[in-house]
Every structure is written in structure tokens, then in C-alpha cells.
*Asks:* 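First the structure, then my questions, so here it is.
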Amino acid sequence: MRKHWAVLAFILAPLFLFSCNSSEKEIEESPFNVEQESEAALRVGFSQVENENPWRIAQTISITEEAAKRGIELIYADAGGSTEKQIDDVRYLIEQNIDYLIFDPREYEESAPALDIAREAGVPVIVIDRSVKGEPGVDYLVEIVADFHREGERAGLWLKDALDGTGNVVELLGTPGSSAAIGRHEGFRDAISDAPGIRVIDAKSADFLRAEAQRVMESIIQSKGNRITAVFAHNDEMAIGAIQALKNAGLAPGEDAVVVGIDGAKDAVKAIIAGEMGATVVNNPFYGPTTFDVIERIERGEDVSERIVRKETVIQQSNAAEEIDNAF
Ligand code: AHR
């Protein structure tokens, strides 16, 4: 294994490097006189959750293209939506003698053993997008994540306004155990907690998948029918699946039921323009530039924040046309 200072820094981090206590700690300069290698290209592993929906595809392309642009060798593994496989993938990537692991953890708790595997092998981990149980600077090096609670809250505030304080909502949840589903659920419930007229009449997981959301929504429509006046989906894929289910049942999305999603996907922005969807909270999937900036700064021995939190925005009728070209 190559002896980049960052690798040693990661192994020794709890003891020597990360001495500050704030959540936005900076990586201090290595106290060790370890020679840096500059001649060989970096070799980085990327453990992806799955690669089916537009958000995931955009994220994979962003990481892949950015690595290629910088002459970094990328080894990619797609867990296909299985936490167990993702842990095996991490083992496999580490066997490929990587200098860093970029890890997008499928679940918050169940994915944490992957960190132990990386730590034992002395491979520094950059956690991206979803969070995993552990602490930056101790259990992994840096996290570049979304504020899922805030995303759910923005969706809830938007819906509360759109419903004028009264409505029956169906919540379609993402992958159980994922920080994305946990945060979005809690943020949404917090946002509507002061609106007693808004009731969540059903909440079921559709695993962030469009076809599954359509199936789940069709069965909810059978029992709740036209009592449903709103749908909050934890991502746009599920929002589009719900819209299809509403249409199949003879209900008009946007009129009979207002639909709000998260991601900022092109299909969602088109649905907003068509009046079938109310809003989407943008969760930017383009992680490549920031992730490799962080890795290269560490390689140069520069300071980086241990926690980088990305900002969300909202697309709705008023700005959908101007945002369509940024959507994926
Ligand atoms: O973790 C981010 C979520 O994962 C995205 O919202 C979703 O589309 C993806 O599967």
C-alpha cells in the first residue's frame, strides 16, 4: 500500500490529528514527517448505493467524469440497492489497493461496518451524500453530505402553504434505515407539526423507486380513494410513480392531489411545468468536483473541513422553466 500521509493521518487521526471539538473541525497539518508521493496517479474507489434512478446516474457520472478530468484512477462498485453487497464492495475496493474510498452509505447504522473494514486496512474514507453512524475525523476522514432534515422541512413548509393549512397527505418514504429517509421524514413532520388541519393519512416506503411507488400508491388509493389531497414523496422518482397511480385511478394530479418531491430531476421539473406536480426540493447530485477538491487538498497537506453540508433550493411553478436546463 502506498504511504500517502493522508493514509497514516487517518489511522492515527483519533490520537493525534483531530484535536478540535467543534463539528466543523479542520484537519490539522500532519505532525509526522511522512514523505508524500507525487509521481503515481491517485487510485480512488467509489462505492455507490445503486445506479438505477436519474439522481444516482447523475451522481455516478459526476464522480466518474471528475476523476477522469483530474487523471485520477477510479474503481467503481455498484451495490445494486443491497447494504450487504455494499459492505462486500468496500472489501473488494480495498483489496484493489486504493488510496481513498468514496463511500455513499445505503443505511445509517447497517452500513457502519464498512468503516471498520476501511479503518483496519488504513484506507481513508470520504463519506458523500448520505450519513453513516460515526464521526468525521474519527471513524472516517471527511463527510460531504446533504441536510436531509432541512429538505423534508422545505417540502413540508411548501405543502403547508399550498394546502392552506388543511389536507390529507400520503407520505412515500425512501429506503428504510437510510439517513435520507430518516431526515426527510422528520423534517417534514416538524414542518407540519403546527398545522393540525394537515393529517398524514398513510405513510409507506417505496424504497426511492418509481415503479414501487406506483404500486404502493395504487394500493393506498384503493383504500383511501379521493380522501387524498396531497402526496409527499421522499424523492422525485416516487413522486412521478405516485402521479402515474393517481392518473390511472382517474384522479388529476395537481388538482385533486398536490404532489411534492425531492431531488430536482428533469421529469419532476417537467411535471411542475405541466401542472401535475407542485414542487421539488433540489438535492444536487453533482458530487464530483467537491469530492475530488477535498481529496486533492488533503494530498497537498492543506486544511479541509471535516463536514461539508450542501444547500438545497426549491423548484416550483414560478422558476421551473428557468431551472429545467439544470435538471438531470
Ligand atoms: O441519498 C439521496 C437519495 O438517494 C436521492 O434523493 C434519491 O433519489 C436517491 O436514491
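As the structure lists them, so they are numbered: ligands from 1, and atoms in each ligand from 1. The residues of the chain are indexed from 1 along the displayed sequence.
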*Asks:* Quick one: OG on Ser47 to CD1 on Ile94, what's the gap to the nearest 0.5 Å?
*Replies:* 9.5 Å
*Asks:* Answer whether the closest heavy-atom distance between the side chains of Trp158 and Val258 falls below 4.5 Å.
*Replies:* yes
*Asks:* Going by heavy atoms, is Glu52 under 4.0 Å from ligand 1?
*Replies:* no
*Asks:* Is the shortest heavy-atom distance from the side chain of Val260 to the side chain of Val231 under 4.5 Å?
*Replies:* no
*Asks:* Could you tell me, atom by atom, which parts of ligand 1 come under 4.0 Å of a heavy atom of Asn283?
*Replies:* 2 (C), 6 (O)
*Asks:* Using a 4.0 Å heavy-atom cut-off, which part of Arg56 comes near ligand 1: side chain, backbone, both, or neither?
*Replies:*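 Side chain only.
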*Asks:* Within 45° of the ring axis of Phe232 and under 6.0 Å from its six-membered ring centre, is that where the NZ or CZ of Arg189 lies?
*Replies:* no
*Asks:* Parallel under 30°, tilted from 30 to 60°, perpendicular over 60°: which one fits the rings of His234 and His185?
*Replies:* tilted
*Asks:* Taking both backbone and side-chain atoms of Asn235, is any N or O found less than 3.5 Å from an N or O belonging to ligand 1?
*Replies:* yes
*Asks:* Can you tell whether the side chains of Glu95 and Arg91 come within less than 4.0 Å, N to carboxylate O?
*Replies:* no
*Asks:* Pick, from His234, Arg184, Arg130, the option with the minimum heavy-atom distance to atom 1 (O) of ligand 1.
*Replies:*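 Looking at heavy atoms only, the winner is Arg130.
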*Asks:* Is Glu151 touching ligand 1 with its side chain, its backbone, both, or neither, if touching means heavy atoms under 4.0 Å apart?
*Replies:*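 No part of Glu151 comes within reach of ligand 1.
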*Asks:* Show me which atoms of ligand 1 lie under 4.0 Å from any heavy atom of Asp129.
*Replies:* 1 (O), 2 (C)
*Asks:* I'd like to know if Lys204 and Glu171 make a salt bridge, using a cut-off of under 4.0 Å between side-chain N and carboxylate O.
*Replies:*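 Salt bridge between Lys204 and Glu171, a charged N being under 4.0 Å from a carboxylate O: no.
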*Asks:* Write out the residue and atom name of the closest protein heavy atom to atom 10 (O) of ligand 1, then the distance separating them to 0.1 Å.
*Replies:*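 Scanning the protein heavy atoms, the shortest distance from atom 10 (O) of ligand 1 goes to Asn53 ND2, 3.1 Å.
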*Asks:* Among all protein non-hydrogen atoms, which one is nearest to atom 6 (O) of ligand 1, and what is the separation to 0.1 Å?
*Replies:*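 Looking at atom 6 (O) of ligand 1, the protein heavy atom closest to it is Asp263 OD1, 2.6 Å.
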